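Written out below as structure tokens is the structure these notes cover.
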Amino acid sequence: MNPPQADQTAETRLAPAAARFIDSVLALEARLAVFDCDGTLWKNDSGELFFYWEMERGLVSAEVAAKLRKRYDDYRAGLVGEEQMCGEMVTMHAGLRQVDLQRAAAEFFPLKIAPGIFREMKVLTERLRAMGCELWAVSSTNDWVVIVGAKEFGIPAERVLACSVYIENGMATDRLVRVPSDEGKALAIREVIGRVPDVAFGNSIHDAAMLEMAGHPFVVNPNPDLEGLARKRSWPIHRPGEETGFLAKP
């Protein structure tokens, strides 16, 4: 099956390793694919970058910013857990209008994250969609940013499982809907999708539970602890970007 015309230029730039990676996935004829986002679909940590970007712009109050900066320092020091920190990076927006958060995410993503989109992941997702595969994005970053990013891969908002809070009267609350991190990713997939993914893609140890449940796990751009697990499990490892360049580069 031919990829969409818009991809043909990007695809011809792919290195042989990237082409082999894509072919190995497509050969499985997957019907359901789930993707981590930060470090897997694109290079940078969009949750962390948005966190600092929005505070610099005064999206949240100075008091909230000072408190959360201290919490993030504690997180980096290992004093605050991953799930707890991801949740607080979303509940910090309590009382803000959803439309303003959506507008901020729409401004942030093209500036700070889109240049680091991995070209082969863009080609892969477009070819999977062309084959009729259902794609989902699963991330512990806030859903305002992930929804914008997932759209770049043809994944609609209703197929985004990201860290989120309940919205009341158009305003963000401090009540979490979900924090898809570690076991929370597998839980969200079971509760919302209700099927075992044919293929799953992740880059960090916080994706391990999601990868474990998939028929065919693929490790992309792994950090050392996930790479160690992948080698024990004999999961395929692919390193995008370095040899293929990023989407925004010629």
Side-chain angles (χ1 to χ4, degrees), residues 36-117 137-152 157 160-185 187-188 202-210 221 223 225-226:
D36 168 60
C37 298
D38 295 336
T40 301
L41 292 179
W42 50 77
K43 180 181 179 182
N44 291 319
D45 183 339
S46 64
E48 180 183 81
L49 291 181
F50 184 75
F51 175 71
Y52 286 114
W53 181 85
E54 65 173 324
M55 290 191 293
E56 290 171 0
R57 295 173 62 88
L59 191 63
V60 297
S61 70
E63 180 181 3
V64 169
K67 177 183 176 182
L68 268 294
R69 285 181 188 276
K70 173 64 168 59
R71 289 290 286 171
Y72 205 77
D73 288 343
D74 289 345
Y75 162 71
R76 284 180 159 176
L79 302 176
V80 176
E82 170 83 6
E83 181 177 344
Q84 179 71 27
M85 193 68 241
C86 291
E88 291 184 23
M89 290 166 73
V90 181
T91 58
M92 65 184 279
H93 302 97
L96 299 184
R97 298 194 310 166
Q98 165 140 286
V99 66
D100 291 334
L101 294 164
Q102 292 170 326
R103 186 179 297 119
E107 179 183 353
F108 163 80
F109 192 91
L111 290 173
K112 302 295 183 180
I113 303 300
I117 286 176
V138 186
S139 173
S140 58
T141 288
N142 72 72
D143 62 345
W144 301 298
V145 168
V146 177
I147 286 172
V148 175
K151 188 177 180 181
E152 295 285 331
V160 169
L161 300 175
C163 193
S164 58
V165 292
Y166 289 97
I167 304 296
E168 291 182 354
N169 300 319
M171 312 288 277
T173 71
D174 61 358
R175 294 182 291 111
L176 287 164
V177 175
R178 66 176 59 89
V179 183
S181 180
D182 297 304
E183 289 295 332
K185 290 199 171 187
L187 178 63
N203 81 303
S204 84
I205 197 65
H206 303 297
D207 301 318
M210 179 177 74
N221 187 35
N223 57 22
D225 46 5
L226 182 62

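Being a predicted model, the structure only gives us computed values, none of them experimental.
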Considering residues at least two apart in sequence or located in another chain, which fulfil the side-chain hydrogen bond (donor to acceptor under 3.5 Å, both in side chains) criterion with [X]?
X	value
S181	none
E107	R57
D100	R97, R103
D38	W42, S46, T141

Checklist entry - Roughly how far, to the nearest 0.5 Å, is CG of N142 from OG1 of T91? => result 11.5 Å
Item to check | Interatomic spacing from CD in E88 to CE in M85 - rounded to 0.5 Å | outcome: 5.0 Å
Checklist entry - Do any pairs count as a ring pair (Phe, Tyr, Trp, His ring centres under 6.0 Å) and have a residue in residues 79-99, sequence neighbours left out, and if so which ones? => result H93-W144
Next on the checklist: Would N44 and K112 count as a side chain to side chain contact (heavy atoms under 4.5 Å, CB included) here? Give the steps.
Outcome noted: CA-CA 9 Å; N44 291 319; K112 302 295 183 180; over 6 Å; no
State which residues pass side chain to side chain contact (heavy atoms under 4.5 Å, CB included) with [X]; sequence neighbours excluded, sorted by chain then number.
X	answer
C163	V90, L176, V179, P180
V177	S164, Y166
A150	A137, I155, V160

List, one per line, each side-chain donor-acceptor pair under 3.5 Å for residues 202-209, sequence neighbours excluded.
from : atom 1 : to   : atom 2 : distance (Å)
S204 : OG     : H206 : N      : 3.1
H206 : ND1    : D182 : OD1    : 2.8
H206 : ND1    : D182 : OD2    : 3.1
D207 : OD1    : K185 : NZ     : 2.5
D207 : OD2    : N203 : N      : 2.8
D207 : OD2    : S204 : N      : 3.0

Checklist entry - With sequence neighbours excluded, what pairs up with E83 under the salt bridge (Lys or Arg N to Asp or Glu O under 4.0 Å) test? => result none
Checklist entry - Is there a side chain to side chain contact (heavy atoms under 4.5 Å, CB included) between V148 and F108 once you walk through the steps? => result CA-CA 9 Å; V148 175; F108 163 80; over 6 Å; no
Please set out all donor-acceptor pairs under 3.5 angstrom arising from side-chain atoms of residues 61-70, sequence neighbours excluded.
from : atom 1 : to  : atom 2 : distance (Å)
S61  : OG     : V64 : N      : 3.1
K70  : NZ     : D74 : OD1    : 3.2
K70  : NZ     : D74 : OD2    : 2.9

Item to check | All ring pair (Phe, Tyr, Trp, His ring centres under 6.0 Å) counterparts of Y75, not counting sequence neighbours | outcome: Y72
Item to check | Verdict with supporting geometry, F51 and M92, side chain to side chain contact (heavy atoms under 4.5 Å, CB included) | outcome: CA-CA 10 Å; F51 175 71; M92 65 184 279; 3.8 Å; yes
